[in-house]
2 protein chains.
Amino acid sequence: MTLLEQTVQMLRERILAGHYAPDDRLPETTLADDLNVSRTVVRLALGAMAREGLVENRPNRGFRLRSFSLDEVTDAIALRGTVEGMAARLAAERGASAAALAEMRQILARMDAAVSRGFATLPARSAWIEMNAALHDAIIAASGHATIPDVVAQLSRMPLVSARAIVFDAGDGGWGLSRVVRAHDDHHAVVDAISARQGARAEALMREHALRSGQNKRQSFAAMKSGDTPLPGLSLVRG
Amino acid sequence: MTLLEQTVQMLRERILAGHYAPDDRLPETTLADDLNVSRTVVRLALGAMAREGLVENRPNRGFRLRSFSLDEVTDAIALRGTVEGMAARLAAERGASAAALAEMRQILARMDAAVSRGFATLPARSAWIEMNAALHDAIIAASGHATIPDVVAQLSRMPLVSARAIVFDAGDGGWGLSRVVRAHDDHHAVVDAISARQGARAEALMREHALRSGQNKRQSFAAMKSGDTPLPGLSLVRG
DNA sequence: GTGTTGTGAATTGCATGCAATCAACACGAC
DNA sequence: GTCGTGTTGATTGCATGCAATTCACAACAC
């Protein structure tokens, strides 16, 4: 792994960890000192992140941290749902391979077990996030579309947009169980639709799945803002 | 405009003009000499283009020009259609502003006149490309979605995927007139649907519009390959 | 008090230099 | 003849230095 890649990763982590405030300036020299790398690498890393959308670059005025409104985030989630919906439709229409379907079913089975165990512990929630991401990736891969993975990856770099950015909530049935159950029903339905070559159904389900995810985040975010600090019992995971 | 931006543009033009062969290596020193800039700028520019997908970067092995299969291109065009379809749907559902609708109608009127004049001359074809791009951009802007423009822009950097990449063909009714007429019917129908707040219709029309564009390019490309050189009377414009 | 202009410090944009890495080729062992 | 290994030339990765631009702030005119 090159120094540049390490630097991009460190910067991403620092930004998502809230190390810098939105709309902050990001002077090359400061970052270079903080991360103990040369300005050249910082500049290359910031250039990369600018194209991912996390930071902005105005000529001769350096880089600034971007801020995202809640509307932008939910719009981007809906767009991810539309693109993933296309992937699900293609997987259904073109016919996912037996191996791909088997993988999806296996992930679903592990998720079934996880749901029955519940999400009271942090490792349980982390494992769910991984499985959820794996299922979404599997559906995208089954589409056989070369560009959709790139587009989804780009969108997923926005905060809260990724399929890994799941908000668990301790109220409402205990650690978001009702939300997760509903989302997991969607997962089963989408894979069933793909398996049955029902393209339009798979697409519609995937879109709705994303829209509901956006609504959930909107609710959780509204609840958070009232206290201006993460609600006790709310675990916000960003990816 | 900074030197970096100029360099990115020059490199893009050279690549799309076929100055380098697919899968060619792109040594920094050679490019720096060719373009009369320093290696630093070339490296920054190539890094930017790698994130756009035109070139690939393997650590310690430099940059290579990517090649695109016809399937990748038509898939990407279909994806653009799906995303633009979402934009059209949002424009319809959320309600495009009167100013936005007026702009679209004005562009349509100019395109009407262009169709009636035909496309026998190169300037006529170039003007059509500009108007077509303007209409697509207007629809995207009318969606009020913050991220769709970025995603479409990213896709449009792939060769032949952009709405500006229109293939005119001297056969078949004279300079692609029948194709253009059909596509222009779509334009009218989409704007009508947006104006009438018919979201699903606008979305479906936009998708179909893109799919047909992909089919046209597939046909023209197949015809080109047989001769291995652009058919006489075929003007291939990439953007 | 408000607006304008000038100056200096801070910061960016770019070029160059050096060390690390890789690919190619020759050479030798089997 | 084939495979492995050492060496060399080319190329990349990164650091640093310098000029150009911008921003902050103060001095000044009105």
Side-chain angles (χ1 to χ4, degrees), chain A residues 1-67 150 153 157, chain B residues 1-15 17-67 150 153-154 157:
Chain A
M1 185 186 249
T2 71
L3 186 57
L4 169 60
E5 291 170 314
Q6 293 175 23
T7 305
V8 170
Q9 196 169 331
M10 285 194 295
L11 278 177
R12 246 206 290 271
E13 286 169 5
R14 279 176 164 248
I15 289 174
L16 292 180
H19 206 278
Y20 307 104
D23 295 321
D24 254 6
R25 292 193 59 184
L26 300 172
E28 299 176 1
T29 50
T30 308
L31 297 182
D33 286 348
D34 283 2
L35 302 178
N36 267 345
V37 296
S38 78
R39 275 182 50 228
T40 303
V41 179
V42 170
R43 166 183 292 274
L44 287 165
L46 286 174
M49 301 177 68
R51 248 152 264 109
E52 292 174 1
L54 269 184
V55 302
E56 293 179 308
N57 178 19
R58 294 176 60 188
N60 286 318
R61 289 192 210 178
F63 295 88
R64 296 186 93 87
L65 191 54
R66 264 207 58 180
S67 60
D150 296 340
R157 290 194 197 95
Chain B
M1 186 188 249
T2 71
L3 185 57
L4 169 59
E5 290 170 313
Q6 293 175 24
T7 305
V8 170
Q9 196 169 330
M10 286 194 296
L11 278 177
R12 246 206 291 272
E13 286 169 5
R14 279 176 162 245
I15 289 174
H19 206 279
Y20 307 102
D23 296 321
D24 252 6
R25 293 192 60 185
L26 301 172
E28 300 176 2
T29 50
T30 309
L31 297 184
D33 287 347
D34 283 2
L35 302 179
N36 266 344
V37 296
S38 78
R39 274 183 50 228
T40 304
V41 179
V42 171
R43 168 183 290 276
L44 287 165
L46 287 174
M49 300 178 68
R51 257 155 265 114
E52 293 173 1
L54 268 184
V55 303
E56 294 178 308
N57 177 20
R58 296 177 58 189
N60 287 319
R61 288 194 214 175
F63 295 87
R64 296 186 93 87
L65 191 54
R66 265 206 58 181
S67 60
D150 297 339
Q154 186 192 356
R157 289 192 198 98

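These numbers come from a predicted model, not from an experiment. Just so we're on the same page: letters track the sequence lines, and every chain starts at 1.
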> Taking CG from A:D33 and C1' from C:dA10, how many angstroms apart are they, rounded to a whole number?
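Nearest whole value for this atom pair: 14 Å.
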> Atom CG of B:N36 and atom C1' of C:dC14: how far apart are they, to the nearest Å?
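Taking atom C1' of C:dC14 as the reference, CG of B:N36 is at 14 Å.
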> Using the side-chain hydrogen bond (donor to acceptor under 3.5 Å, both in side chains) rule, collect all pairs that involve residues 32-45 of chain A, keeping only residues at least two apart or in two chains.
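Output for this query lists A:E28-A:R39, A:E28-A:R43.
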> Got a second to check how far A:H19's NE2 is from A:E13's CD, nearest 0.5 Å?
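If we round to the nearest 0.5 Å, A:H19:NE2 and A:E13:CD are 11.5 Å apart.
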> At what distance, to the nearest 0.5 angstrom, does CG of A:L26 lie from CD of A:E56?
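A:L26 atom CG to A:E56 atom CD measures 10.5 Å (nearest 0.5 Å).
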> Give, for atom OG1 of B:T2 and atom CG of A:N60, the distance between the pair rounded to the nearest 0.5 Å.
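It comes to 8.0 Å.
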> Please tell me if the side chains of A:I15 and A:V55 come closer than 4.5 Å, counting only heavy atoms from C-beta onward.
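Contact flag for A:I15/A:V55 side chains = yes.
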> If a protein heavy atom is under 4.0 Å from the base, mark B; if only from the sugar-phosphate, S; if neither, -; do that for nucleotides 17-25 of chain D going 5' to 3'.
B---SSS--
> What is the distance from CZ of A:R43 to P of C:dA15, rounded to the nearest Å?
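That distance rounds to 11 Å.
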> Can you name the nearest heavy-atom pair linking A:N57 to A:G62, along with the distance?
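Shortest heavy-atom separation between A:N57 and A:G62 comes out as OD1-O, 3.3 Å.
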> Once rounded to the nearest 0.5 Å, what's the spacing between atom CG of B:L65 and atom CZ of B:R14?
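If I round to the nearest 0.5 Å, the distance is 13.0 Å.
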> Can you check the B:L35 CG to C:dA15 C1' distance for me, whole Å?
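So the CG-C1' distance, B:L35 to C:dA15, works out to 15 Å.
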> To the nearest Å, how far apart are A:E28 CD and D:dC14 P?
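Those two atoms, CD and P, are 16 Å apart.
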> State the CD-CG distance between A:E52 and A:L46, to the nearest 0.5 angstrom.
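Answer rounded to 0.5 Å: 11.0 Å.
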> What is the separation between atom CZ on A:F63 and atom C1' on C:dG13, rounded to the nearest whole Å?
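Going from CZ in A:F63 over to C1' in C:dG13 covers 11 Å.
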> Expected output is a numbered-order residue list: members of residues 3-13 of chain A with a heavy atom under 4.0 Å from any atom of DNA chain D. What is it?
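Of all residues in residues 3-13 of chain A, the ones placing a heavy atom under 4.0 Å from DNA chain D are A:L3, A:L4.
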> Expressed as a whole number of angstroms, how long is the span from B:L26:CG to D:dT12:C1'?
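From B:L26 CG to D:dT12 C1': 14 Å.
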